J.: 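Supplied in structure tokens, the structure appears directly below.
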Amino acid sequence: MSPAVPTGRAGRARLAVLALLGSILVPLVTAGLRSVLWALAGIAGLALAAVGVWWTLAHTGALRALGAALSVVAPVTVLVLYASSGMLGPALLSLGLWLLALTAARTALTPGHTAPSHKAFAEAPRSPWVLMNPRSGGGKVDRFDLVEKARAAGCRVVLLDAGRHQNVTELARQAVAEGADLLAVAGGDGTQALVAEVAARHDLPFVVIPAGTRNHFALDLGLDRDDPAAALEALTHGVELRIDLGYAADRVFVNNASFGTYASIVTDPAYRDAKARTTLRTLPGLLTGEDAPRLRSQTDGTRLDGLQALLVSNNPYGRAVDAAHPGRRERLDSGLLGVVGVRVGNTVQAARVVRGPRSGGLIRLSAGEIVVEADTDTLPVGIDGEHVVLPSPVVCRSAPGALRVRVPRRRPGTRRAGGAAADWPRVARLALWRMPVLR
């Protein structure tokens, strides 16, 4: 007799199977075998749109204008053809069912929650220290009265001075030397990473106050980015989590380290004030010019060559098409780096991107360590949005459980995990109650 399966997961597995069957049956019932031709037309439209995007990014002048037009006209033409033949509604319904099936399949195979398993109720610190950047997030520190609220909570507050250069790492080290038993940061992810490294080195708890522009780290911790002051509750009503840190050579990152195209773009002094214009101006040379970066990487016996861009993240990011929260990390304590590589060098390869992972244009994998190198002595790297130059090759590694993060007990962003791949045979067995309990 098979062991019992939790009803919730079995229900999600059944939903995934039914949604998958529905995504196939809807076009078949509507158009019969002609639905295959409509599917091919849709794929062709996506391929032409991908070619248009490639021409827009990799070329200038007339070819760029043609690419911009093609990237819009191709999908619109397919939609018009679908609508005129009565296939638009069934096609959208089939797509929606397919996405639902993928999401349900992944959540069915992943038990538990995204919060790290090592959790303990935290005692209030005796001498907490908070570094605040008044310029981050368009002035969130002042807008949310973070200085006053932190001082009222018993914190010693240090403000970064916009008028002079200050070494964030040295400020944190000095705070530890003076007896701080908790370090916190109200600022961007780059500043968070610098102080987090000091906290990890001294095994001190760390508090994230989401006062930056994007606050990706806070988002994946489940913190309320619309109310940065709520993070201060972690000081008196918090829990402690053990999460990983990523290292690129000797530099810590809490989110990711990017190599290649993006890292080269952010080195341009004009990028900070004119991001879109600078990107469009520099991309053609970086994608197809003589100076285009060609990266190599090696991890766990897998060697990748000819990469134009490589993103190494502290734990893998979710997939865009089959995760309930694309662009987010479902876990921060897996002990693995997420690796996403881009390898598109011409029009044909751009068209093949619609095949997904089988195209070879987009590579995804996970590893505990990855070595990145190029034919140069140094590599520009974007580490949590900050530009640095590191000697080549660069060894990126995960430091499992290196950081003690203190967070409020109640976090609005905490959600169920959905990180498992959509393994359909396992989903089918789970739906039929014949799959043993996943440990």
Side-chain angles (χ1 to χ4, degrees), residues 116 118-137 140-142 144-162 164-212 215 217-218 221 223 228-247 250-255 314 332-333 383-384 386 399 401-409 411:
H118 304 289
K119 179 187 296 185
F121 289 97
E123 297 180 358
R126 298 183 303 275
S127 180
W129 177 88
V130 182
L131 179 71
M132 296 190 178
N133 186 352
R135 295 172 295 170
S136 290
K140 284 185 178 179
V141 169
D142 292 332
F144 290 92
D145 298 322
L146 294 180
V147 174
E148 292 77 10
K149 292 177 180 178
R151 286 173 176 164
C155 299
R156 181 161 67 93
V157 178
V158 173
L159 291 173
L160 289 178
D161 188 350
R164 61 191 180 94
H165 173 73
Q166 293 171 280
N167 189 315
V168 171
T169 301
E170 286 302 320
L171 290 174
R173 289 173 179 167
Q174 181 180 348
V176 174
E178 293 174 354
D181 60 351
L182 179 145
L183 303 181
V185 174
D189 288 330
T191 307
Q192 300 278 1
L194 294 174
V195 179
E197 180 183 15
V198 177
R201 187 178 298 275
H202 295 275
D203 197 31
L204 293 178
F206 180 69
V207 170
V208 176
I209 303 174
N215 300 294
F217 188 37
L221 285 171
L223 301 178
L232 292 170
E233 295 179 10
L235 299 175
T236 54
H237 299 86
V239 294
E240 193 168 288
L241 313 175
R242 277 281 185 182
I243 68 169
D244 309 333
L245 286 177
Y247 279 83
D250 60 345
R251 291 292 301 266
V252 163
F253 57 92
V254 294
N255 291 328
N314 177 28
L332 290 172
D333 64 341
I383 297 182
D384 286 336
E386 303 292 331
L403 183 63
R404 299 166 56 191
V405 176
R406 193 165 293 188
V407 294
R409 295 182 188 180
R411 289 167 286 150

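Hydrogens, waters and symmetry mates play no part in the numbers below; they use all other heavy atoms, side chains included. Predicted model only: the values in this text are computed from it and were never measured.
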J.: Is a side-chain N or O of D244 found less than 3.5 angstrom from the main chain of G401, in a donor-acceptor match?
T.: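 Checking the backbone N and O of G401 against the side chain of D244, a donor-acceptor pair under 3.5 Å is found.
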J.: Any side-chain heavy-atom pair from P408 and L223 closer than 4.5 angstrom?
T.: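 Touching, per the 4.5 Å side-chain cut-off.
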J.: For the atom pair CG (L171) and CG (L194), what is the distance rounded to the nearest 0.5 Å?
T.: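 So the CG of L171 and the CG of L194 are separated by 10.5 Å.
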J.: How would you list, by chain and number, every residue that makes a side chain to side chain donor-acceptor pair (under 3.5 Å) with N255, sequence neighbours excluded?
T.: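 Testing N255 for side chain to side chain donor-acceptor pair (under 3.5 Å), a comparison that skips the adjacent residues, returns D189, R329.
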J.: Check salt bridge (Lys or Arg N to Asp or Glu O under 4.0 Å) between D250 and all other residues, then give those that pass, not counting sequence neighbours.
T.: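 In terms of salt bridge (Lys or Arg N to Asp or Glu O under 4.0 Å), with neighbours along the sequence ignored, D250 is linked to no residue.
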J.: If you look only at pairs with a residue in residues 170-185, which of them pass as a side-chain hydrogen bond (donor to acceptor under 3.5 Å, both in side chains), with sequence neighbours excluded?
T.: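 Qualifying pairs: R156-E178, E170-R173, Q174-E178.
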J.: Roughly how far, to the nearest 0.5 Å, is the CD atom of Q192 from the CG atom of D384?
T.: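 The distance works out to 9.5 Å.
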J.: Among all residues two or more places apart in sequence or in another chain, which pass the side-chain contact (heavy atoms from CB on, under 4.5 Å) test with A230?
T.: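 side-chain contact (heavy atoms from CB on, under 4.5 Å) list for A230, sorted by chain: D227.
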J.: Would you give the length of the straight line joining atom CD of E123 to atom CG of L182, rounded to the nearest 0.5 angstrom?
T.: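 So the CD of E123 and the CG of L182 are separated by 12.5 Å.
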J.: Which value, rounded to the nearest 0.5 Å, describes the distance between R404 atom CZ and D203 atom CG?
T.: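 Result: 5.0 Å between the selected atoms.
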J.: Which residues satisfy the side-chain contact (heavy atoms from CB on, under 4.5 Å) test with A199, sequence neighbours excluded?
T.: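 L183, F206, L403.
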J.: Could you work out, with side chain to side chain donor-acceptor pair (under 3.5 Å) as the rule, every residue matching N167, not counting sequence neighbours?
T.: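 Expected list: none.
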J.: Could I get the full list of salt bridge (Lys or Arg N to Asp or Glu O under 4.0 Å) partners for R151, not counting sequence neighbours?
T.: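 Here no residue qualifies.
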J.: Taking salt bridge (Lys or Arg N to Asp or Glu O under 4.0 Å) as the cut-off, I'd like each qualifying pair that reaches into residues 228-238, sequence neighbours left out, listed once.
T.: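 Checked against salt bridge (Lys or Arg N to Asp or Glu O under 4.0 Å) - neighbours excluded - no pair reaches residues 228-238.
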J.: Indicate yes or no: at least one non-hydrogen side-chain atom of V157 is less than 4.5 angstrom from one of M132.
T.: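 Result yes, sub-4.5 Å side-chain heavy-atom pair found.
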J.: Could you tell me which residues satisfy side chain to side chain donor-acceptor pair (under 3.5 Å) with S136, sequence neighbours excluded, listed by chain and number?
T.: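 S136 satisfies side chain to side chain donor-acceptor pair (under 3.5 Å) with N133 only.
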J.: How many angstroms lie between atom CZ of R411 and atom CG of L241, to the nearest 0.5 angstrom?
T.: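 Nearest 0.5 Å value for the CZ-CG distance: 5.5 Å.
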J.: Which distance, rounded to the nearest 0.5 Å, do you find between the CG of L332 and the CG of N314?
T.: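 It is 6.5 Å, given to the nearest 0.5 Å.
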J.: Name all residues meeting the side chain to side chain donor-acceptor pair (under 3.5 Å) criterion together with R251; count only those two or more places apart in sequence or in a different chain, and write none if there are none.
T.: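 Per chain and number, R251 pairs via side chain to side chain donor-acceptor pair (under 3.5 Å) with no residue.
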